[in-house]
Amino acid sequence: MAPERQSYRAPRGIRDVLPEEIPLWEELEGTARRLARLGGYREIRPALLEETDLFTRSVGEVTDIVEKEMFTLRRGDSSYSLRPEGTAGIARAYLQAGYAKTAPVQRLFHIGPMFRYERPQKGRERMFTQFDVEALGSLDPRLDAEVIDLAASFFEALGLEGLEVRLGSMGDGEDRDRFRAAVREYVGDRLAEYSELSQERFERNVLRILDSKHPGDVELNRGAPRMLDHLSAENREHFEKVTELLGGLGRRVVVDATIVRGLDYYTRTVFEVHYPELGARSALCGGGRYDHLIRDLGGPDLGAVGFAIGFTPTLIALEQLGLTPRIQEIPPEVFLVCADEELSQRAFRLAHQLRSNGISCVYDTEGRGLKSQMKQAGRGGHPVALILGSDEAARGTVQLKDLTRKEQNEVPEDGLLEALQRVLGSAPQG
RNA sequence: GUGAGUGUAGCUCAGUCGGUUAGAGCGCCAGAUUGUGGAUCUGGAGGUCGAGGGUUCGAUUCCCUUCACUCACCCCA
């Protein structure tokens, strides 16, 4: 029974959100929900755990995420994984719910944790919360623009101004294959000059070489083929439409041919939202179109577009820019003070009564003295202290102290609720 | 997976050129004439100096190993 280890910690890369931090998280979640709903997006809460196969099919077998970053568990012959990203599960839920047949166009959003087995570092955790927005069932470029606009609006609502939307297109099908071949040829001709890392990527995922930040590679990439030059007429038109629509909203759009998403399911539109002031860590959001994912999961070939915003990078950005909302926890409205220990049962019952009437309250459980209880009431930030004393009890009254105004009145018990509501309703700090 | 840095009270950190009772601030608890708050003052509790091993008369201080955390690379939100 004697424990070998006297302390437990959360697993590596996983952190608790403590009560002190909840107001901040509620602010982020509330902002996300509010904006999503303004656009008619409905909240969905898909499974945290899926069959592993769902992710290998959708995200891609040779991606890092699937190859080495999934938390996977086996039960008998089945293999399940904690979701490493949100889109696959949402698309799966969409199909399972029958939306593809009953109401194909679905605007959906989700806020929740994702899991990736990675080495933690700043802005990267093994369990991280994402705001996911997905518009499924349509190819309309307005949805691309709408979704991008929503992502940018989220950051703006939190106080970030001067955002930059970087937009590119990965093409689709044939033009993408042609482009990939062109890149292979270009890079293959001078592979030895590329960095070791890029050489490794040559077989794995050529397109990522275009994304390299290695100075030598950047130089070599200057002459590389550009996806935007290889787009088919149809995809070109779609891309231009999205650009135009965003421009029409006054959004600053930078066409960035180097954007390459890491996940296999992306097609055509890809984008990132950047906050340039943040430098290297300026990407706050990534997303794009994934027009064949639904088909690949067994449904009809319907288009879809979406994005994911990580809460952790967002919080870091806000912190760096001094924009972290300073929101106080809201303490219970009443602290019940027992001047006499014999009244503790009455205090307990009174607490129940107040709560039944919608008034939040707490009381001391450590048998502390009056003074100490008053201290707790004051430091706890409760607007009101109710003091139960034996003299008052004999008179059928309690002392009601307004801690913000420092006013105290003796009130009869049968008028207590009204008196409390009056004081609380007119609380100056709101 | 690779590399670097750091590990001393709940938190933020001093400190010991190896020496015998390890410190501060904040926080916490208790008092300041006995039924009243956030200030002030006084006092108090709280640390196997991450863990294991080595060198030494002696290690929290030096060396090794290990674990954890942090940061960077990779990858990505």
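Here is how names work: the chains are called A, B, and so on, in the same order as the sequence lines, proteins then strands, and each is numbered from 1.
A9(B) and G50(B) have their C1' atoms separated by 14 Å, with the value rounded to a whole Å. As rounded to the nearest Å, G25(B) and U61(B) have C1' atoms that lie 24 Å from one another. With C1' as the reference atom, U21(B) and C49(B) are 15 Å apart, rounded to whole Å. G3(B) and U66(B) are spaced 12 Å apart, taking the P atom of each and rounding to whole Å. On the C1' atoms, G38(B) is 23 Å away from U34(B), given to the nearest whole Å. Spacing between U65(B) and C41(B) at atom P, rounded to whole Å, works out to 49 Å. Between C13(B) and A72(B), the two C1' atoms lie 25 Å apart (nearest whole Å). For the C1' atoms, the distance linking G15(B) with U56(B) amounts to 22 Å, nearest Å.
Each of Val242(A), Leu246(A), Ile148(A) was evaluated against Val253(A); a single residue qualifies, Leu246(A), per the side-chain contact (heavy atoms from CB on, under 4.5 Å) test.
Proximity of a side-chain donor or acceptor of Gln373(A) to a complementary backbone N or O of Gln376(A) within less than 3.5 Å is not detected. A donor-acceptor pair under 3.5 Å links the side-chain atoms of Thr314(A) to the main chain of Gly310(A), judged by distance alone.
If you find the closest nucleotide of RNA chain B to Tyr117(A) and to Arg368(A), the one lying nearer the 5' end belongs to Tyr117(A). Of the residues near RNA chain B, Thr129(A) and Glu407(A), the one whose nearest nucleotide (by heavy atom distance) lies more toward the 5' end is Glu407(A).
Within the cation-pi definition used here (under 6.0 Å to the ring centroid, within 45° of the axis), Arg184(A) qualifies as a partner of Phe202(A). For the pair Arg126(A) and Tyr117(A), the cation-pi criterion (under 6.0 Å, within 45° of the ring axis) is fulfilled. Cation-pi geometry between Arg190(A) and Tyr186(A) is satisfied (NZ or CZ under 6.0 Å from the ring centre, within 45° of the ring normal).
Straight-line distance from the CZ atom of Arg124(A) to the P atom of U70(B): 12 Å, rounded to whole Å. Computed from coordinates, the Lys401(A) NZ to G38(B) P distance equals 10 Å when rounded to whole Å. If you measure from atom NZ of Lys371(A) to atom P of G37(B), you get 6 Å, rounded to the nearest angstrom. We find that NZ of Lys122(A) is positioned 21 Å from P of C76(B), with the value rounded to whole Å. If you measure from atom CD of Glu69(A) to atom P of C75(B), you get 10 Å, rounded to the nearest angstrom. Atom CZ of Arg12(A) and atom P of A68(B) are 6 Å apart (whole Å). Taking atom CG of residue Leu336(A) and atom P of nucleotide U36(B), one finds them 19 Å apart after rounding to whole Å. For the pair Glu366(A) CD and C28(B) P, the interatomic distance rounds to 15 Å; values are reported in whole Å.
Using a 4.5 Å heavy-atom cutoff, the side chains of Asp217(A) and Leu210(A) are not in contact.
Closest contact between the side chain of Arg9(A) and the listed nucleotides G38(B), U36(B), C69(B) involves C69(B). When distances are taken from the side chain of Leu370(A) to each of G35(B), A77(B), A72(B), the shortest belongs to G35(B). Among the nucleotides G1(B), U36(B), C69(B), the one closest to any side-chain atom of Arg119(A) is G1(B). The side chain of Lys406(A) has G38(B) as its nearest neighbour among G35(B), G38(B), C76(B). You'll find that the side chain of Gln121(A) is closest to C71(B), out of C71(B), G35(B), G38(B). For Asp391(A), taking side-chain heavy atoms from C-beta onward, the closest of the listed nucleotides C75(B), C69(B), G35(B) is G35(B). For Arg379(A), taking side-chain heavy atoms from C-beta onward, the closest of the listed nucleotides G35(B), A77(B), C29(B) is C29(B).
Within a 6.0 Å sphere centred on CD of Glu342(A), other residues, nucleotides and ligands contribute 12 heavy atoms or fewer. Atom CD of Glu407(A) sits in a crowded spot, with more than 12 heavy atoms from other residues, nucleotides or ligands closer than 6.0 Å.
At the heavy-atom level, Glu392(A) lies under 4.0 Å from base atoms of the strands shown. Nucleic acid contact for Ile387(A): base, since at least one base atom lies under 4.0 Å from a heavy atom of the residue. Residue Glu125(A) is in base contact, counting any heavy-atom pair closer than 4.0 Å across all strands shown.
In this model, no side-chain donor or acceptor of Gln373(A) finds a partner on the base of U36(B) within 3.5 Å. Taking only distance into account, the side chain of Glu118(A) meets the base of A77(B) through a donor-acceptor pair shorter than 3.5 Å.
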Output the pairing pattern of RNA chain B as a dot-bracket string, 5' first, Watson-Crick or G-U wobble with both distances under 3.5 Å, | for cross-strand pairs, [ ] for crossing pairs. (((((((..((((.....[...)))).(((((.......))))).....(((((..]....))))))))))))....
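Ion pairing of Arg252(A) with Glu164(A) is present here, as a side-chain N (NZ or NE/NH1/NH2) and a carboxylate O approach within less than 4.0 Å.
Between Ser372(A) and the phosphate of A30(B), there is a side-chain N or O to OP1/OP2 separation shorter than 4.0 Å.
With centroids closer than 5.5 Å and planes inclined by less than 30 degrees as the test, Phe311(A) and the base of A77(B) fail to qualify as a stacked pair.
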